[in-house]
Amino acid sequence: MAIMLTQAPKGTRDILPEDIAQWNYVEQKFSELCKKFGYKEIRIPVFEHTELFQRGVGDTTDIVQKEMYTFKDKGDRSITLRPEGTAGVVRSYIEHGMGSLPQPVKLFYQITAYRYENVQKGRYREFHQFGVELLGAADPSADVEVISMLALYFEQLGIKNLVLNLNSIGCPKCRSAYNEKLKAYLKEHLSSMCETCRERYERNPMRILDCKEEGCKLRIKDAPALLDHICDECRDHFSKVTTRLEAIGIPYNIDKGIVRGLDYYTKTVFEFVSKNIGTQGTVCGGGRYDGLVEACGGAPTPGIGFALGVERLLLEMQSQGIELPKAETPHIYIGAIGEKAALMCERLAWQLRRNNIFCVKDIMNRSVKAQMKYADKLGAHYALILGDNEIENNKAQLKDMRTGETKDISLDTLIDRLVKHRG
RNA sequence: GUGGGUAUAGCUCAGUUGGUUAGAGCGCCAGGUUGUGGCCCUGGAGGUCAUGGGUUCAACUCCCAUUAUUCACCCCA
């Protein structure tokens, strides 16, 4: 089979001009909101050293085990296209000594990410994420700030009925104690469980709770839940988070099953889930990762963040019938008949554009009728055609394309009038 | 990695039990006016019917494979 020159690779897609306005809209809204909370934008590389993700995301995760786009560059370095944003941001935090900045350090980003997975609704191999990382703050207020940002973002976009699922997966201390309890419970059932679960039993028993195999689900149902076995400190942290969420009126649902995909998550984990955009309903996921900076070679630093799937966000907005902005249309179209008029058209359009007016002019040398049709299709508010009469009298008919009315207007005052009447 | 659906024009789709020049609507271009869009009318461009093989006198139509796409499993944003 010949390589498909005319087809984008599997799992990638073009965002076409007709859809750009809605992307710009959600991007701008997100960026404004982040700034109001004191977050600063950061831009990180599309690729990093493979080892960063192995450490930062975790060797036992599906992401690292089977979903990364990894290749050798010409210097024989192993390079990986970022499968998410947190690892890169944490690397940057360490590399640039951000631990010496006034704490906490609050960052946001809008990135593409890459995972080699089979494509389905709401899931692509190249996808877009908005994310936030809050580094240096261990207090439960930090968890609440990050979650409340999301709640406010959805509110501002007019999105309703997303469910906030919340859980705590404890700290390394209580988790290892819990893991022992879990292993003790699972030990007698192990022979009847699936192969991957038997492997997880050794490497990362908590992930067994995520298994969807029927046989395993049966065993898991009555397994001890981590949330019921976390240490006093983690319990206190979690209860402060929920108390504060209640204080500002953000509803949540405790879901003891949330584990999250990254190994370094600690304490609070959460996701915002939709029911109506297919089975990939997690619009946004995040959590606390107090061990991550240290694991990547920095000083012990608490952190919390989230990533929001933009494709899923837009799917959700569409499914809720939320009206999204469309591209701006020209304020005026200027056409011309004949060479003399074309020269005048050139000058006029130039002046309009220097005055910041959205102006489209004829560059096809077409008939008047074709030009008017074109102006109509562009959605221009006004149209104006220059010809011999206009040159002679220095006047033209300014046509309002919505009402069809025309007005005689002196070309000298055209710009003033358009500036005044704009918008 | 696994399973199901789908593949005909730029888009949405027809195409009879297999039958000769593959159609429609929308969109695009042009004309119907001598210098003015929308409605209407006329004309035009645009398809190796996803690709490769097979059955047949004959395949868009039946069979097989491949690829793409889509939905789902796994997992995640």
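Here is the naming used below: chain letters follow the sequence lines, and residue numbers restart at 1 for every chain.
- At least one side-chain heavy atom of A:Leu308 sits under 4.5 Å from a side-chain heavy atom of A:Tyr153.
- Screening A:Arg288, A:Lys267, A:Arg244 against A:Asp143 for a side chain to side chain donor-acceptor pair (under 3.5 Å) leaves a single residue, A:Arg288.
- In terms of phosphate contacts, A:Lys66 brings no side-chain nitrogen or oxygen within less than 4.0 Å of OP1 or OP2 of B:rU2.
- The A:Lys121 side chain lies nearest to B:rC71 when the options are B:rG35, B:rC76, B:rC71.
- No engagement by A:Ala375 is indicated, since no non-hydrogen atom pair under 4.0 Å with the nucleic acid exists.
- Rounded to whole Å, the distance from NZ on A:Lys407 to C1' on B:rU36 is 18 Å.
- Nearest nucleotide to the A:Gln7 side chain, out of B:rC75, B:rC76, B:rA68: B:rA68.
- Among the heavy atoms of the strands, none lies under 4.0 Å from A:Gln65.
- Straight-line distance between the C1' atoms of B:rG25 and B:rG46: roughly 16 Å, to the nearest whole Å.
- No donor-acceptor distance shorter than 3.5 angstrom exists from the side chain of A:Asp376 to the backbone of A:Met372, with no hydrogens or angles considered.
- The side chain of A:Arg13 contributes no N or O atom lying less than 4.0 Å from OP1 or OP2 of B:rU69.
- Spacing between B:rU51 and B:rA7 at atom C1', rounded to whole Å, works out to 11 Å.
- Within residues 279-289 of chain A, the residues having any heavy atom closer than 4.0 Å to RNA chain B are, in order of number, A:Thr279, A:Gln280, A:Thr282, A:Val283, A:Cys284, A:Gly285.
- For the residue pair A:Thr86/A:Glu133, the side-chain donor-acceptor check at 3.5 Å is satisfied.
- Residues of residues 128-137 of chain A that place a heavy atom closer than 4.0 Å to RNA chain B, in numerical order, are A:Gln129.
- With distances taken from any side-chain atom of A:Ile337 to the nucleotides B:rC75, B:rA77, B:rG35, the minimum falls on B:rG35.
- B:rU12 sits 11 Å from B:rG27 when the C1' atoms are compared, rounded to a whole Å.
- Applying the salt bridge (charged side-chain N to carboxylate O under 4.0 Å, His left out) test between A:Glu48 and each of A:Arg82, A:Arg91, A:Arg55 identifies A:Arg91 as the sole match.
- Between B:rU67 and A:Lys10, no contact under 4.0 Å exists linking OP1 or OP2 to a side-chain N or O.
- One can place CE of A:Met364 at 9 Å from C1' of B:rC29, the figure rounded to the nearest angstrom.
- Judged by distance alone, the side chain of A:Gln371 and the main-chain N or O of A:Ala336 form a donor-acceptor pair under 3.5 Å.
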Exercise. Given pairs defined as Watson-Crick or G-U wobble with both distances under 3.5 Å, what dot-bracket annotation applies to RNA chain B, with ( ) intrastrand, [ ] crossing, | other strand and . unpaired?
Worked result: (((((((..((((.....[...)))).(((((.......))))).....(((((..]....))))))))))))....
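- Between B:rG35 and B:rG31, the distance separating the two P atoms is 12 Å to the nearest Å.
- Going from the P atom of B:rU66 to that of B:rG3 covers 11 Å, rounded to whole Å.
- A:Glu126 meets the side chain to side chain contact (heavy atoms under 4.5 Å, CB included) test with A:Thr12, A:Thr112, A:Tyr114; sequence neighbours excluded.
- In terms of heavy atoms, A:Phe130 sits closest to A:Val26 at CE1-O, 3.6 Å.
- If you check every strand for non-hydrogen atoms under 4.0 Å, A:Glu84 touches nothing.
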Listed pairs under 3.5 Å, donor-acceptor, residues 317-326 of chain A side chains, sequence neighbours left out:
| unit_1 | atom_1 | unit_2 | atom_2 | d |
| --- | --- | --- | --- | --- |
| A:Ser319 | OG | A:Glu316 | O | 3.0 |
| A:Gln320 | OE1 | A:Lys160 | N | 2.9 |
| A:Gln320 | NE2 | A:Lys160 | O | 2.5 |
| A:Gln320 | NE2 | A:Glu316 | OE2 | 2.5 |

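- Distance CZ (A:Arg123) to C1' (B:rU70): 13 Å, rounded to an integer number of Å.
- Checked by atom type, the side-chain pair A:Tyr109/A:Gln129 shows no donor-acceptor distance below 3.5 Å.
- Atom CD1 of A:Ile169 and atom CZ of A:Arg175 lie 4.5 Å apart (nearest 0.5 Å).
- The nearest whole Å value for the distance from the CD atom in A:Glu405 to the P atom in B:rU36 is 18 Å.
- The backbone N or O of A:Gly387 lies less than 3.5 Å from a partner atom in the side chain of A:Glu390, making a donor-acceptor pair.
- Distance A:Phe306 CZ to B:rA77 C1': 12 Å, rounded to the nearest Å.
- Spacing between B:rC49 and B:rA22 at atom P, rounded to whole Å, works out to 10 Å.
- The listed nucleotides are B:rG35, B:rA77, B:rC71; the one nearest the side chain of A:Val368 is B:rG35.
- A distance of about 35 Å separates the P atoms of B:rC29 and B:rA68, rounded to the whole Å.
- Going from atom CD of A:Glu117 over to atom P of B:rC73 covers 12 Å, rounded to whole Å.
- Separating the NZ atom of A:Lys340 from the P atom of B:rG35 is a distance of 17 Å, rounded to the nearest angstrom.
- Ring-to-base geometry places A:Phe127 in a stacked arrangement with B:rA77 (centre distance under 5.5 Å, plane angle under 30°).
- Nucleotides B:rU69 and B:rG32 place their C1' atoms 43 Å apart, quoted to the nearest Å.
- Side-chain atoms of A:Tyr69 never come within 3.5 Å of backbone atoms of A:Phe47 as a donor-acceptor pair (strictly under, hydrogens ignored).
- Within 3.5 Å, a donor on the side chain of A:Arg312 pairs with an acceptor on the base of B:rC76, or the reverse.
- For the pair A:Pro172/A:Thr266, a side-chain contact is recorded, criterion being any heavy-atom separation below 4.5 Å from C-beta on.
- Separation of atoms CD (A:Gln280) and CZ (A:Phe127) is listed at 11.0 Å; rounding is to 0.5 Å.
- Looking only at distances, no side-chain donor or acceptor of A:Lys361 sits under 3.5 Å from a matching main-chain atom of A:Cys345.
- Counting non-hydrogen atoms under 4.0 angstrom, A:Gly122 reaches a base of the nucleic acid.
- Rounding to the nearest 0.5 Å gives a distance of 12.5 Å between NZ of A:Lys66 and OH of A:Tyr116.
- Atom pair A:Met372:CE and B:rU36:C1' shows a separation of 4 Å (rounding to whole Å applied).
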Exercise. Could you run down nucleotides 38-44 of chain B 5' to 3' and tag each one B, S or - for protein heavy-atom contact under 4.0 Å?
Worked result: B------
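- Using a 4.0 Å heavy-atom cutoff across all strands shown, A:Tyr114 reaches no nucleic acid atom at all.
- Checking B:rG1, B:rG35, B:rC76 against the side-chain heavy atoms of A:Asn118 singles out B:rG1 as nearest.
- Positionally, the nearest nucleotide of RNA chain B for A:Ala380 lies more toward the 5' end than for the other of A:Ala380 and A:Val119.
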